[in-house]
Participant: 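Right, I'll just put the structure down here and ask away after.
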Amino acid sequence: MNKFRSRLLFALLTLIIIVLIGLGLLLGQLFKGFYLQNFHQRMEKEARVVELLIQEEGLTSPFLQSKLDLVSSTLDVRTTIIKKNGKVLLDANKIGKKVEDGSLSIIEEVVRGKLKDKDGFYQVEEQHNLYYYGVPLIDNDKHIGLIVLSTSVDSFNKVNQQIWGLLIGSLGMALIVILLLGVRIMTQYTKPIESATQVAMELAKGNYKARTYEDYVDETGMLSQAINMLARNLQDLVSTQEMQQDRLRTLIENMGSGLILIDSRGYINLVNKAYKEQFEIEPSDYLYHLYYEAFQHKEVIALVEEVFMTEVKSRKQLVLPIKIERKHFDVYGAPIIGLNDEWKGIVLVFHDISELKKLEQMRKDFVANVSHELKTPITSIKGFAETLLEGAGEDGQLREQFLNIILNESHRMQGLIQDLLDLSKIEQQGFTLTIQSIQLQETFEEIFLMLSGKAADKEIDLQLQLPEEPLYIEADPLRLKQIFINLISNGITYTPAGGSIRISTKEESDRVKISVEDTGIGISKEEIPRIFERFYRVDRARSRNSGGTGLGLAIVKHLVEAHRGKIEVASQVGKGTIFTVTFFKRSSVS
């Protein structure tokens with residue numbers, strides 16, 4: 001039984017006990033007064049009977065004593081006749097009484113001062129537990145004394161005890177019955193309240209799945225229904241809120257731009273995943289810190305202060321150093337204003353536009369490089385053509401020399417344009433390869449036939465070290481030739497006379513690694529990350545003189561990646577370079 005029910009039961013029990021005690025006392029007094037009144041009336045009537053007997057017989061009659069004894073015995077009282085002077089005339093029915101003969105003096109003491117009263121009296125002598133009732137004795141209309149009747153009050157006390165016993169028993173039974181009914185009724189009404197209280201406490205703790213019983217149709221049932229309806233509404237509300245929070249959290253954490261929330265006091269409350277990755281920071285260094293203590297870049301602090309002061313949106317492109325890099329960001333700052341124009345804080349969004357800047361710079365470099373590469377042959381063609389038109393064409397040897405130069409420059413322009421077309425085609429989204437099973441031995445033999453003359457002209461030893469057993473890979477045959485023709489041609493270009501170029505293979509479980517190793521001028525570590533850029537040359541003078549466009553390795557890289565392969569470079573300046581290309585292979589061919 002919980003405290004509420006205990007307190008209610010204790011209050012109910014206390015109230016019932018007080019009411020029953022008060023009712024018992026009231027009924028006891030009423031019963032006692034009623035019985036005492038009846039007792040008085042009885043004693044009065046008995047006294048009148050004795051008085052009539054005395055008047056009939058006369059005080060001087062010799063038979064008066066015997067008749068008084070008989071009447072007194074019948075009435076179970078002691079009859080005493082006392083004159084006005086205090087003298088006892090008659091004393092009847094003394095035998096068998098619980099009082100001694102000395103009790104006559106008690107009677108005399110009781111009636112003292114009342115002998116001359118013309119009205120009757122009654123008195124209870126508590127010491128001896130006796131009841132006295134007296135009436136005036138009238139003889140010939142003359143008051144001559146008192147008739148005193150005395151009796152024991154044991155019967156009265158016994159009746160009084162019976163009355164109190166009956167009251168206590170009946171009221172006790174009533175208490176038990178009322179208590180049982182009260183407990184049942186109280187349980188019926190308090191159980192729904194207790195259940196509703198427990199559910200309300202669970203709701204306060206956040207358990208919105210708690211429900212109470214709805215067994216009744218009265219006010220407690222309405223309370224249970226209201227509590228359950230409130231719980232369902234809260235559960236729906238919390239579910240909707242959690243869903244919205246999850247969506248918002250997922251959106252914030254997975255958006256591609258960095259996001260920071262700053263409250264109205266300048267403390268950072270939110271840092272999303274993109275910002276952590278962009279700036280490589282720990283959340284503990286930012287969260288719940290003042291913005292000017294957390295941000296390391298003065299430009300960002302200045303932007304935040306500008307939004308704080310002006311309360312208008314601001315957008316700036318910033319170049320921020322992050323460790324060893326410098327990144328470009330499009331930073332957007334906006335104030336957060338509540339419904340009642342209440343200042344909530346600032347939101348900052350960091351868009352990383354480094355790649356866009358890089359692409360823009362690459363476009364500019366590409367245009368500049370293409371213009372530069374085309375300008376040289378066009379200038380040569382124009383100059384030699386003008387020379388021929390001015391009269392140099394009459395000299396046959398000079399004319400042939402100039403025309404050969406014009407032809408070579410035309411070939412160079414054609415190669416540059418073809419490489420640009422190939423590179424553009426490879427970079428297009430719809431570019432596809434014709435993948436088939438290729439035997440490496442046959443492919444490299446064809447490549448060797450194409451490049452052996454060029455290698456022999458520079459006295460370069462071209463070596464092919466392939467396994468005797470047929471080796472197959474999955475690739476596009478034309479593009480595969482293009483890859484290795486470029487790599488071997490570069491090796492021939494950058495390898496001095498007397499050097500060597502060696503092609504070897506290494507088998508793995510599902511891949512084949514093909515290496516092109518030369519003993520050329522090599523590439524420095526600083527230049528290796530840039531050799532696959534368009535128009536980048538390790539030795540610009542040599543590559544330009546050899547007719548190179550600077551696009552070969554860019555094409556090679558794109559073609560290898562289109563095959564889902566990988567190209568690696570290892571080089572030492574003055575010792576040579578090794579290009580290693582990895583392709584997927586087939587285990588067997590039918």
Side-chain angles (χ1 to χ4, degrees), residues 418-419 421-455 460-495 499-520 523 528-529 531-534 548-549 551-571 576-590:
Q418 186 62 44
D419 285 345
L421 292 174
D422 288 343
L423 188 60
S424 175
K425 183 178 180 180
I426 293 169
E427 290 179 340
Q428 287 180 1
Q429 194 169 8
F431 176 72
T432 57
L433 299 171
T434 306
I435 301 296
Q436 55 184 296
S437 180
I438 300 174
Q439 186 182 11
L440 286 180
Q441 288 87 342
E442 295 178 356
T443 301
F444 278 104
E445 286 175 0
E446 295 177 5
I447 295 173
F448 261 56
L449 288 176
M450 296 171 62
L451 299 177
S452 58
K454 185 177 180 180
I460 293 174
D461 183 17
L462 200 58
Q463 303 174 11
L464 182 62
Q465 298 178 355
L466 298 178
E468 296 181 358
E469 296 182 358
L471 185 61
Y472 293 90
I473 65 172
E474 296 289 332
D476 186 325
L478 296 178
R479 298 302 180 182
L480 184 66
K481 289 180 183 179
Q482 188 176 3
I483 291 171
F484 288 101
I485 287 173
N486 272 301
L487 291 178
I488 296 172
S489 296
N490 278 348
I492 294 172
T493 301
Y494 291 100
T495 300
S500 64
I501 297 176
R502 181 167 60 92
I503 294 92
S504 60
T505 61
K506 179 181 179 182
E507 279 193 82
E508 294 183 351
S509 59
D510 59 342
R511 292 177 175 84
V512 174
K513 289 187 175 181
I514 305 170
S515 299
V516 179
E517 181 179 359
D518 63 52
T519 57
I523 308 171
I528 287 178
I531 61 175
F532 295 105
E533 295 180 5
R534 297 174 177 85
T549 62
L551 297 173
L553 288 180
I555 294 173
V556 167
K557 181 175 180 295
H558 282 83
L559 288 176
V560 171
E561 292 176 349
H563 282 84
R564 297 185 180 178
K566 183 173 66 173
I567 184 169
E568 299 172 311
V569 183
S571 182
T577 304
I578 303 174
F579 286 89
T580 303
V581 184
T582 304
F583 289 101
F584 288 96
K585 70 171 186 177
R586 290 182 61 185
S587 58
S588 62
V589 178
S590 58

Participant: To the closest 0.5 Å, what do you measure between CD1 (I514) and CG (L471)?
Facilitator: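 Result: 7.5 Å between the selected atoms.
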
Participant: Anything under 30° is parallel, anything over 60° is perpendicular, the rest tilted; go ahead and classify H563 against F583.
Facilitator: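 Judged by the thresholds at 30° and 60°, the geometry between H563 and F583 is perpendicular.
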
Participant: A side-chain contact here means heavy atoms from C-beta on lying under 4.5 Å apart; do N486 and L559 qualify?
Facilitator: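 Sidechains of L559 and N486: no contact.
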
Participant: Take L462 and I488 through the test side-chain contact (heavy atoms from CB on, under 4.5 Å) and record every step on the way to the result.
Facilitator: CA-CA 9 Å; L462 200 58; I488 296 172; 4.0 Å; yes

Participant: What pair of heavy atoms forms the shortest contact from I492 to L451, and how long is it?
Facilitator: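 Smallest interatomic distance, heavy atoms only, reads CD1-O, 4.0 Å.
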
Participant: Going by heavy atoms in the side chains, are E517 and S500 under 4.5 Å from each other?
Facilitator: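 Side chain of E517 against side chain of S500, heavy atoms only: no contact under 4.5 Å found.
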
Participant: Could you walk me through whether L440 and L480 pass the side-chain contact (heavy atoms from CB on, under 4.5 Å) check?
Facilitator: CA-CA 10 Å; L440 286 180; L480 184 66; 4.3 Å; yes

Participant: Nearest heavy-atom pair of K513 and T582: which atoms, and what distance?
Facilitator: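 The answer is CG-OG1, 3.5 Å.
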
Participant: L553 versus F579: any side-chain heavy-atom pair under 4.5 Å?
Facilitator: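 In contact.
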
Participant: Of the non-hydrogen atoms in T519 and T495, which two are nearest, and what is the gap between them?
Facilitator: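 Nearest pair, atom of T519 first, then T495: OG1-CG2, 3.7 Å.
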
Participant: Is the shortest heavy-atom distance from the side chain of D518 to the side chain of Y494 under 4.5 Å?
Facilitator: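 A side-chain contact is absent here, since even the closest heavy-atom pair is not under 4.5 Å.
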
Participant: Could you report the tightest heavy-atom contact between S515 and I578, atom names first, then the distance?
Facilitator: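 Scanning both residues, the minimum pair turns out to be CB-CG2, 4.3 Å.
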
